[in-house]
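Below: one structure, written as structure tokens.
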Amino acid sequence: MIINNVRIYQPGSTHPKEELYQVSINEKGEFASIGPAASNQGGADSYDADGRVMAPSFTDSHLHFLRYGLMKKELDLRHVTSWEEMKREVREFYPEMEEEDWIVGRGLDDSQFTDIDHLLKKDDLDEIHLDKKMFFLHQDGHECVVNQKVIDLLEEEKDFKKIPDLFKETGEDGSWNGRFKDTAVHYLKRHFRGRSVADAKEAIKMGIPHLLRHGITAIHTEDLNFIGSYEKLWSAYTELEKEGELPITSLLHHYLFNIDDIHQYLKNHSLRTGEGTDRVKVGAFKIFLDGTQRLHTSALRMAYRDKPETSGKLVYSQEELNEMVKLASQNNMQVAMHAIGDRAVEQAIIALEQDEARTDELCHRIIHAQVLGEDLIQRLKNLKPYIETQPSFLMNEWDETAKWVGDDMTPYCDAFASMINNHIPTTLSSDAPIGELDPLEGIFAAVNRTDKDHQPENGWMPQEKLTIDQAFDGYSFVPVKMELSEEKRGKIEPGFQADFILLDHHPYEVPEKELRNLQVCETWMEGQRVFDKDS
């Protein structure tokens with residue numbers, strides 16, 4: 001296959017944006033050669049790109065893809081703005097139910113409801129149905145509301161009672177009121193919301209066209225809580241691969257509650273990080289160290305400015321985390337630690353500074369790292385774990401951050417440029433369906449540091465803006481290095497896998513404020529076109 005009359009954009013490359021090239025792809029689906037465009041090139045194996053721009057395809061290094069796909073087939077409440085509308089939506093979506101069926105909805109944001117003056121509690125849900133278990137997940141995935149029948153189940157769970165009380169809301173009588181946060185939510189999803197392999201395959205297939213439309217050909221996804229077992233998760237993806245229905249590379253993370261989950265995985269699975277099939281690989285052990293700023297459960301070193309009675313809470317002691325990281329590392333498993341607050345980031349750093357962690361070799365990850373400090377940046381500079389950021393969060397949170405952490409700490413929040421300038425490897429990602437799936441939205445946010453209406457003017461903490469090259473690199477080659485595949489994917493060079501997109505314009509040709517309006521015209525994986533905007 002020959003792609004002719006194509007321009008090339010690759011972060012850090014010297015390809016002039018006006019130059020036209022001819023790119024050949026061999027039978028193995030790899031780039032074979034790159035040379036000047038040929039004016040008379042034609043034939044069945046030749047494709048005229050007509051001056052469009054070839055760029056490396058995108059890798060989303062942090063999302064929940066099964067959950068994203070499920071939102072395409074299960075009840076999606078993101079558009080609902082009132083309690084009456086929610087009740088109507090639920091009744092229409094679940095007209096008939098089997099005896100043990102659950103009523104489930106995702107994307108809830110009841111803080112926006114216009115017809116009630118409080119957040120939903122267990123007693124409110126009785127207005128929907130008295131005899132079915134109900135579970136409604138908040139839009140950000142960190143909070144849920146359930147009814148009394150689910151609470152009756154939880155009362156029988158000894159392990160649930162060990163989860164810190166901070167993650168379980170109570171009413172005036174001291175009993176659980178039906179609202180749960182963070183680790184308690186993950187427990188519910190893991191233990192009571194398992195799905196069949198067939199259901200998972202259907203959800204994955206429904207989500208794939210959305211990936212390809214946005215130029216994403218590789219994902220690092222944490223889905224265990226939405227299916228119940230790693231065996232079923234692995235089967236869903238690998239069966240799709242065998243059936244020719246998986247036009248993406250997938251790294252599957254394994255969520256942990258405690259060190260016993262590591263022992264269980266090591267006992268039952270021989271594959272380690274980076275190993276697997278051609279398109280399905282073992283990812284990292286995912287560990288939640290804290291919660292989220294919205295719920296005041298992310299762990300800060302100082303009290304929340306708008307809630308001074310708390311500074312959040314760490315899920316594990318330092319000793320527990322150290323042992324988990326040691327055991328994973330000794331068995332060649334990468335760890336990916338959710339740490340939003342600076343106290344959680346510091347805890348992650350301490351665990352990764354252990355000699356046994358082999359951080360430089362295994363490319364361990366810290367997810368989010370939204371609140372840092374000068375001391376933490378210096379320690380990260382020396383340690384160099386990979387930091388997975390989600391710039392699209394800025395679009396909705398930039399005007400909330402100071403309220404949570406104070407004006408003195410905002411210069412260290414979402415400090416993308418500080419990390420990259422200190423040679424701390426940093427990826428851009430979506431956290432979809434919580435954040436925007438489209439990488440161009442994340443690139444826009446990282447370069448401009450504004451919302452879609454270009455507010456605040458000149459960008460929030462503009463010293464932390466990324467260059468266009470840095471932003472594209474964070475969505476292409478940096479995550480490939482983190483997954484230990486930098487010699488095979490992520491570049492437009494001979495010998496690399498031919499995973500690329502064709503853009504309608506060169507990123508340098510559009511104003512930075514218009515980056516989100518770039519169009520992915522085509523997506524190619526292993527030299528095969530898997531998406532065409534015009535078809």
For [X], look at atom [atom1] and say whether over 12 heavy atoms of other residues, nucleotides or ligands are found less than 6.0 Å away.
X    : atom1 : answer
Q528 : CD    : no
K281 : NZ    : yes
K488 : NZ    : no
K403 : NZ    : yes

Would H214 and F58 count as a ring pair (Phe, Tyr, Trp, His ring centres under 6.0 Å) here? Give the steps. CA-CA 8 Å; H214 293 307; F58 297 124; 9.3 Å; no
My understanding is that only residues two or more places apart in sequence, or in another chain, count here; which of them pass side-chain contact (heavy atoms from CB on, under 4.5 Å) with A198?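 Partners of A198 under the side-chain contact (heavy atoms from CB on, under 4.5 Å) test: S196.
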Pairing residues for A445 by the side-chain contact (heavy atoms from CB on, under 4.5 Å) criterion, not counting sequence neighbours: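 For A445, the residues satisfying side-chain contact (heavy atoms from CB on, under 4.5 Å) (neighbours in sequence not counted) are P391, M395.
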Option among K87, E85, R91 that satisfies the side-chain contact (heavy atoms from CB on, under 4.5 Å) test with E89: E85
Out of T401, V345, V405, D414, which one pairs with V371 under the side-chain contact (heavy atoms from CB on, under 4.5 Å) rule?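 Only match with V371 under side-chain contact (heavy atoms from CB on, under 4.5 Å): V405.
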Using 4.0 Å as the upper bound for N to carboxylate O, is an ion pair formed by [Y] and [X]?
X    : Y    : value
R294 : D140 : yes
K242 : E239 : no
K149 : D152 : no
K205 : E243 : no
R78  : D109 : no
E74  : R106 : yes
K286 : E222 : yes

For [X] and [Y], does a side-chain donor sit closer than 3.5 Å to a side-chain acceptor?
X    : Y    : answer
T297 : D182 : yes
S429 : Q390 : yes
D499 : Q497 : yes

Just do the ring pair (Phe, Tyr, Trp, His ring centres under 6.0 Å) check on Y265 and F285 with the steps written out, would you? CA-CA 10 Å; Y265 177 87; F285 283 141; 5.5 Å; yes
Ring center gap for [X] and [Y] short of 6.0 angstrom:
X    : Y    : answer
H62  : H220 : no
H269 : Y230 : yes
Y386 : H364 : no
Y255 : F257 : yes

Side-chain heavy atoms of H296 within contact of W404, under 4.5 Å: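 The answer is yes; the side chains approach within 4.5 Å.
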Quick one: list whatever passes ring-ring contact (aromatic ring centres under 6.0 Å, His included) with F416, sequence neighbours left out. none
Check ring-ring contact (aromatic ring centres under 6.0 Å, His included) between W176 and all other residues, then give those that pass, not counting sequence neighbours. F160, F180
Inter- and intrachain pairs under ring pair (Phe, Tyr, Trp, His ring centres under 6.0 Å), touching residues 104-124, at least two apart: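 As it turns out, there is no ring pair (Phe, Tyr, Trp, His ring centres under 6.0 Å) pair with a partner in residues 104-124 once direct neighbours are skipped.
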Just say parallel, tilted or perpendicular for the rings of Y9 and F472, cut-offs at 30° and 60°. perpendicular
Name the orientation class of the two ring planes belonging to W524 and F500 (parallel below 30°, tilted from 30 to 60°, perpendicular beyond 60°).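 Judged by the thresholds at 30° and 60°, the geometry between W524 and F500 is parallel.
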Residues in salt bridge (charged side-chain N to carboxylate O under 4.0 Å, His left out) with E241, at least two apart?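 E241 satisfies salt bridge (charged side-chain N to carboxylate O under 4.0 Å, His left out) with no residue once adjacent residues are dropped.
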